[in-house]
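Remarks on the structure that follows.
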There are 2 protein chains.
Amino acid sequence: MKGKIFIIEDEASIVQLVQLNLEKEGFVVSSSLNGNEGLKELKKFEPNLLLLDWMLPDLSGIDVCKNIRRDSNLKNLPIIMLTAKGEEEDKIKGLESGVDDYITKPFSFNELHARIKAVLRRSDPNIISNDLTFEDLKLDRIEKRVFRADKEIQLGPTEFRLLEFFLINPKRVYSRDQILETVWPNNVNVESRTIDVHIRRLRQSINIKDKKELIRTVRSSGYSLV
Amino acid sequence: MKGKIFIIEDEASIVQLVQLNLEKEGFVVSSSLNGNEGLKELKKFEPNLLLLDWMLPDLSGIDVCKNIRRDSNLKNLPIIMLTAKGEEEDKIKGLESGVDDYITKPFSFNELHARIKAVLRRSDPNIISNDLTFEDLKLDRIEKRVFRADKEIQLGPTEFRLLEFFLINPKRVYSRDQILETVWPNNVNVESRTIDVHIRRLRQSINIKDKKELIRTVRSSGYSLV
DNA sequence: TTAAATTGTAATATTTCTGTAACAAAAGAA
DNA sequence: TTCTTTTGTTACAGAAATATTACAATTTAA
């Protein structure tokens, strides 16, 4: 799944077209033709991104936007505003009201797609694909494969989950307790030093000679991917 | 490739919608907004099927149709007529003039797709492929046959469904639960370990010596086709 | 109806993975 | 330096997951 996108736009033809195209790209899409209803459905649908028309029959796009930014659950929802030609002077106003990007109608689908990807990449990089990557490291969550410099690497289940964990937030340092909580199934009790051993195993697997060490030890704090 | 479809229809919105959907299904699609031009482009495009609007700005659908039937190269081109509601009395006239099927607007895409498949199956069964393939593996869903490297392989019903399942999403790793849910009829209760046995049987059947193993075991995750 | 094929399960064998302990090495602190 | 703390490394036994086999029950075909 690439992510969920909600559309609030009153021109049904645009909605259909965009929806179809996005679904073709692997997004899950839902839509609403006006602002008030849209706001309600939004909360149920929990999208990763909102495409919002500037001019709506009831509320204006800006009003919808403000509403969203006021809602603690939706505060961080990325929004791309759809504006008609000639409304461009309002750009700045739109961005001020908390829009992440805007696009002028008529737009090509490619342009829209590019912007969606850009915005999503900023807000939630994992949605764009099921691959987690960091430098020359790639982890495919669907096929359950790991590559370093395009060479496949064999990992045991725990090492796989461990690497997956680090790849979600590279560079960040995690304590052994944090690692334990997330990577190990709940309610198991393992020694904190066990992690050292798994780190060692992971290191051994992903390290390639002449390539730099990818896992950093932070004494008295934990480990991180660098 | 599933085949080429040409559309002659003057409502651009319908054309767009249908075209997108058909392309999503794997057809190659081209279109024209009026009859005369459509006839010309038809000959270049060489479609396997024509979607023809009843009411066109210049020629009527029937005229286009008659034209086609008179042309020795296009004589056998299957045609599905698109009619608006209320024109239904004309059905018979349409079919008499050499139309293979007709569909009334507004129609759902599913309905259209079903009719297209039906017509194509009659006129050119090879186009509607019900084969799933992956590398040198081929599964014919209609004839219920499986081939590896052009040699037919005998499978039991369950192994067949299992392989069919893997072929729909090759490379993707499925858990035993996912496999159970999809491959086994609902509401049956079989041990999750039973799958191992069927995997073994499937492996035994589709493996050929000197050829690589096709089913990959991903410890603690499941299986996939590779 | 009989024979053959198919299916699910249990029992057993095999493989792979995991956690721990013990010791070595490194980094800080005194 | 020397001591203390933290991390690295290794080996290994037990655990866990998968493979394989055999068999009885059931379905299908002859």
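Treat the numbers as computed from the prediction; the structure is a model and nothing was measured. Throughout, a chain's letter reflects where its sequence line sits, starting with A, and its residues are numbered from 1.
- The side chain to side chain donor-acceptor pair (under 3.5 Å) pairs that include a residue from residues 181-191 of chain B number zero, where partners must be two or more places apart or lie in different chains.
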- Task: Using a 4.0 Å cut-off on protein heavy atoms (strictly under), produce a 5'-to-3' string for nucleotides 1-7 of chain D with B for base contact, S for backbone-only sugar-phosphate contact, and - for none.
- Result: ----BBB

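- Along DNA chain C, the nucleotide closest to G156(B) and the one closest to V197(A) are compared, and the more 5′ of them pairs with G156(B).
- Using a 4.0 Å cut-off on heavy atoms, none of the residues of residues 180-187 of chain B approach DNA chain D.
- Listed by chain and number, the residues in a salt bridge (Lys or Arg N to Asp or Glu O under 4.0 Å) with E135(B) are K212(B) (sequence neighbours excluded).
- Of the inter-residue distances, the one linking K211(A) atom NZ with L137(A) atom CG reads 10.5 Å to the nearest 0.5 angstrom.
- Per the geometry, CD belonging to E213(B) stands 12 Å off C1' belonging to dA19(D), to the nearest Å.
- Residues satisfying the salt bridge (Lys or Arg N to Asp or Glu O under 4.0 Å) criterion with R193(B), sequence neighbours excluded, are D196(B).
- Across the helix from dT1(C)-dA30(D) to dA30(C)-dT1(D), the helix axis at one end is tilted relative to the axis at the other end by 30° (nearest 10 degrees, each axis from five pairs).
- Legend: residues meeting ring-ring contact (aromatic ring centres under 6.0 Å, His included) with Y223(B), ordered by chain and number and at least two apart, are absent.
- Pairs of residues two or more places apart, or lying in two chains, that qualify as side chain to side chain donor-acceptor pair (under 3.5 Å) and include a residue from residues 137-150 of chain B are D136(B)-R148(B), R141(B)-E164(B), E143(B)-R145(B), R145(B)-E152(B).
- Counting heavy atoms from C-beta outward, L17(A) and Q19(A) have side chains that stay 4.5 Å or more apart.
- Going from atom CD of E191(B) over to atom C1' of dT18(D) covers 15 Å, rounded to whole Å.
- One interatomic measurement links the two molecules: CZ of R201(B) to P of dT18(D), which rounds to 18 Å at whole-angstrom precision.
- As a whole-Å value, the separation of N207(B) CG from dA19(D) P is 12 Å.
- Using bins of under 30°, 30° to 60° and over 60° for the plane-to-plane angle, the ring pair H113(A)/F27(A) lands in the perpendicular bin.
- The CG atom of N169(B) lies 12.0 Å from the NZ atom of K171(B); values are rounded to the nearest 0.5 Å.
- You can see that DNA chain C meets the heavy atoms of chain A within a 4.0 Å-exclusive cut from dC17(C) to dG28(C), reading 5' to 3'.
- A donor-acceptor distance shorter than 3.5 angstrom exists from the side chain of R69(B) to the backbone of K75(B), with no hydrogens or angles considered.
- What separates NE2 of H198(B) from C1' of dT20(D) is a distance of 14 Å, to the nearest Å.
- Atom CZ of R216(A) and atom C1' of dG8(D) are 17 Å apart (whole Å).
- T194(A) places no side-chain N or O within donor-acceptor distance of the main-chain N or O of V190(A), the cut-off being under 3.5 Å.
- Within residues 157-168 of chain B, the residues approached by DNA chain C to less than 4.0 Å at the level of any non-hydrogen atom are P157(B), T158(B), E159(B), in residue-number order.
- Note: CD1 (I195(B)) to C1' (dA17(D)) measures 14 Å, nearest angstrom.
- Side-chain atoms of S32(A) come within 3.5 Å of backbone atoms of G38(A) as a donor-acceptor pair (strictly under, hydrogens ignored).
- Defined by atom type and a distance below 3.5 Å, a donor-acceptor pair is present between the side-chain atoms of T217(A) and R203(A).
- Note on D71(B) versus K43(B): salt bridge recorded, some NZ/NE/NH1/NH2 to OD/OE distance being below 4.0 Å.
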Give the table of side-chain donor-acceptor pairs shorter than 3.5 Å for residues 153-162 of chain A, with sequence neighbours excluded, one pair per line with atom names and distance.
residue, atom, partner, partner atom, Å
E159(A), OE2, H198(A), ND1, 2.4
R161(A), NE, V183(A), O, 2.9
R161(A), NH2, V183(A), O, 3.4

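- Remark: F166(A) engages no residue in a ring-ring contact (aromatic ring centres under 6.0 Å, His included) (not counting sequence neighbours).
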